[in-house]
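Just so you know, these numbers use all the heavy atoms, side chains as well, and skip hydrogens, waters and symmetry mates. In each ligand, atom 1 is the first atom listed, and ligand 1 is the first ligand listed.
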Amino acid sequence: MQFYSTNGNSPHASLEEVVMTGLAPDGGLYMPERIPVIPRAFFNNIGEMSVSDIAYIVATTVLGDVIDPSELKQIVYDTFSFEIPLRKIDPDIYALELFHGPTLAFKDVGARFLARIISHFSRPSAGEVNVLVATSGDSGGAVAAGFHKVPGVKVFVLYPERGLSAVQRHQFTSLGDNVYPIEVMGTFDDCQRVVKEAFVDSKLREKMLITSANSINICRLLPQMFYYFYGYSQFLRKEESVPADGVVISVPCGNLGNLTAGLLAMRMGLPVKRFVVANNINAPFTRYLAGESFTPAPSVRTMACAMDVGNPSNFARINDLYHGDREAMCRQMRGHAYTDEEIAASMKDVYTRDGYVMDPHGATAYRALRDDLAPGEKGFFLATAHPSKFPKTVEKVTGVTYKNQVVKAITDVTSHHDVPRITPSLPALKKILLKTT
Ligand SMILES: *Cc1c(COP(=O)(O)O)cnc(C)c1O
């Protein structure tokens, strides 16, 4: 399997090159040359399979020629060390709970897989690998946990000065060792821009080996396909009959990485009727689907902070998958955008009705699915973070408190004096990188 750049001006690259560099030299994002289709027979048995079994089959279908299957099996089984249950919320709506991993968000899946793939390819002789990650909330913790104490790897987490919950921030500022948090005086988009600038800075690249742990890196996205198949498998198990034209899946979107993974799963043969694109008010892709031009805008803070992305980088991949054909996109995706008030109302409504607590991100996806489903249709939404990651918001909206000691201890932490703060500029980042390595 080889990979090409969405900008079309870089040579095709191997999985190793793609994983170890993140962004293509021409500034594009890497895409797999082929998207293999899984034989139909797989779907006859999928209802009886575990997440690891499913992940192993999908992974070998895509990467079987580049990583030895027995090693791939180990990587996949290590990645999915936690449950991903599908829970019924309404008669026609299920939640796929992706938040039972170590940092309580779906990003554990991509980060754990990526960390293992990077370890697989790293060679002591090539020097230390420096992993850069810009976080809007959950990537930082997941990536830091995934790489913490991994020999030969340093992780730099760039996060915006405002917007993260105390729990989210604590997850990567408290680790130490090979994890270096950097506070950026700006938004998530500023963090992401500076990281991208670092990748195309050839002088920096001569000095050090750097790669990205954002969904720029295709190895963050590939494992996210696996749980779409597993969600479908559980849906089959729970429903007596499955709509012949597939299920509807709602995805809470920020950088559009999770959605891109879902679209790839559909190309591999997963029976999806359509995807629902769930946004907060930062919604350039939803506006694009509604007919406007794709215009990145500065991000605005909302209660679903991990989705506060004004310039989603994976739009480049989606556009590439559809060859820029918006009508084709609209046949397979529908977008919805919600204000904080609307998201909170859904959290409250579902809690009052069913006693089910949703975090603001999952709640956005629930709301979009509720509004989008036609009578007779059924589907599931991705519940991307555990509600206890946002204890203040959840308590304010539903009255539910998380007395959990860990959460309490974390919430009490208010200052991190030793974290460097930088202006959102490449020279400022370079200074820290060169000093640390
Ligand atoms: C990152 C994140 C999202 C958005 O996912 P993308 O792949 O960036 O679109 C949604 N919910 C939560 C909880 C997140 O951490």
Side-chain angles (χ1 to χ4, degrees), residues 29 95-111 114 133-146 157 159-160 163-165 167-169 171-172 188-189 191-192 195 212-225 227-228 249-265 275-280 282-286 299 302-318 333 335 337-338 343 347 358-368 381-390 393-394:
L29 275 66
L96 185 65
E97 293 186 350
L98 295 164
F99 51 68
H100 297 285
T103 70
L104 309 179
F106 81 98
K107 291 199 173 77
D108 281 323
V109 173
L114 176 64
V133 59
T135 185
S136 58
D138 294 315
S139 288
V143 169
V157 182
Y159 66 98
L164 272 66
S165 82
V167 181
Q168 289 177 317
R169 201 169 49 234
Q171 285 181 333
F172 56 83
F188 167 72
D189 292 299
C191 299
Q192 179 152 272
V195 166
S212 160
N214 277 102
S215 52
I216 292 172
N217 198 312
I218 190 82
C219 272
R220 267 274 304 270
L221 293 196
L222 294 176
Q224 290 176 200
M225 289 193 302
Y227 53 66
Y228 283 94
I249 304 178
S250 176
V251 185
C253 290
N255 231 343
L256 301 173
N258 223 355
L259 178 65
T260 304
L263 295 170
L264 289 170
F275 284 98
V276 175
V277 178
N279 279 126
N280 60 29
N282 298 282
F285 187 52
T286 284
S299 51
T302 74
M303 65 194 273
C305 61
M307 290 152 55
D308 294 349
V309 183
N311 187 9
S313 53
N314 286 291
F315 177 70
R317 285 197 169 108
I318 295 177
M333 290 178 267
Y338 297 102
I343 296 168
M347 288 168 69
M358 299 187 293
D359 97 288
H361 306 80
T364 310
Y366 166 84
R367 172 73 181 238
F381 67 95
L382 306 190
T384 45
H386 194 283
S388 70
K389 260 193 130 163
F390 307 93
T393 307
V394 170

Engineer: Taking 4.0 angstrom as the limit and counting only heavy atoms of His361, give me the atoms of ligand 1 inside it, by number and element.
Structural biologist: 11 (N), 12 (C), 13 (C)

Engineer: Just by distance, do the side chain of Asn282 and the backbone of Ser299 share a donor-acceptor pair under 3.5 Å?
Structural biologist: no

Engineer: Under 4.0 Å from ligand 1, counting heavy atoms only, is it the side chain of Leu256, its backbone, both or neither?
Structural biologist: backbone

Engineer: From atom 15 (O) of ligand 1, work out which of Asn258, Asp138, Val309 has a heavy atom at the shortest distance.
Structural biologist: Asp138

Engineer: Measure from the side-chain N and O atoms of Tyr228 to the backbone N and O of Asn258, and report whether any donor-acceptor pair falls under 3.5 Å.
Structural biologist: yes

Engineer: Under 4.0 Å, counting heavy atoms only: does Gly137 come that close to any atom of ligand 1?
Structural biologist: no

Engineer: Among all the protein's non-hydrogen atoms, which is closest to atom 14 (C) of ligand 1, and how far away is it?
Structural biologist: Lys107 NZ, 2.8 Å

Engineer: Please confirm whether the backbone N or O of Thr103 pairs with a side-chain atom of Lys389, one donor and one acceptor, at under 3.5 Å?
Structural biologist: yes

Engineer: Using atom types as modelled and distance alone, determine if a side-chain donor or acceptor of Thr364 lies under 3.5 Å from a backbone N or O of Pro252.
Structural biologist: no

Engineer: Check side chain to side chain contact (heavy atoms under 4.5 Å, CB included) between Ala363 and all other residues, then give those that pass, not counting sequence neighbours.
Structural biologist: Ile343, Met347, Met358

Engineer: Identify, by atom number and element, the atoms of ligand 1 in contact range of Gly257, meaning under 4.0 Å from any of its heavy atoms.
Structural biologist: 6 (P), 7 (O), 9 (O)

Engineer: Could you establish whether Phe99 and ligand 1 come within less than 4.0 Å of each other, counting only heavy atoms on the residue side?
Structural biologist: no

Engineer: Please report whether ligand 1 has a polar contact with Gly254, defined as an N or O pair separated by less than 3.5 Å (distance criterion only).
Structural biologist: yes

Engineer: Which protein non-hydrogen atom lies closest to atom 12 (C) of ligand 1, naming both residue and atom, and how far is it?
Structural biologist: Thr384 OG1, 3.4 Å

Engineer: Only heavy atoms of Cys253, strictly under 4.0 Å: list the atoms of ligand 1 that pass.
Structural biologist: 9 (O)

Engineer: Which residue owns the protein heavy atom closest to atom 6 (P) of ligand 1, what's the atom, and how far is it?
Structural biologist: Asn255 N, 3.6 Å

Engineer: Tell me, please, which residues at least two apart from Phe390 pass ring pair (Phe, Tyr, Trp, His ring centres under 6.0 Å).
Structural biologist: His361

Engineer: Which heavy atom of the protein is the closest neighbour of atom 10 (C) of ligand 1, given with residue, atom name and distance?
Structural biologist: Pro252 O, 3.6 Å

Engineer: Sub-3.5 Å donor-acceptor pair from the side chain of Asp189 to the main-chain atoms of Gly310, do we have one?
Structural biologist: yes

Engineer: I need the nearest protein heavy-atom contact for atom 5 (O) of ligand 1: residue, atom name and distance, please.
Structural biologist: Phe106 CZ, 3.5 Å

Engineer: Check ligand 1 against Met307 and write out every atom of the ligand that is under 4.0 Å from a heavy-atom position of the residue.
Structural biologist: 10 (C)

Engineer: With no hydrogens and no angle check, just 3.5 Å: does a side-chain donor-acceptor pair link Asn255 and Asn314?
Structural biologist: no

Engineer: Any sub-3.5 Å donor-acceptor pair from Asn217's side-chain atoms to Cys219's backbone N or O?
Structural biologist: yes

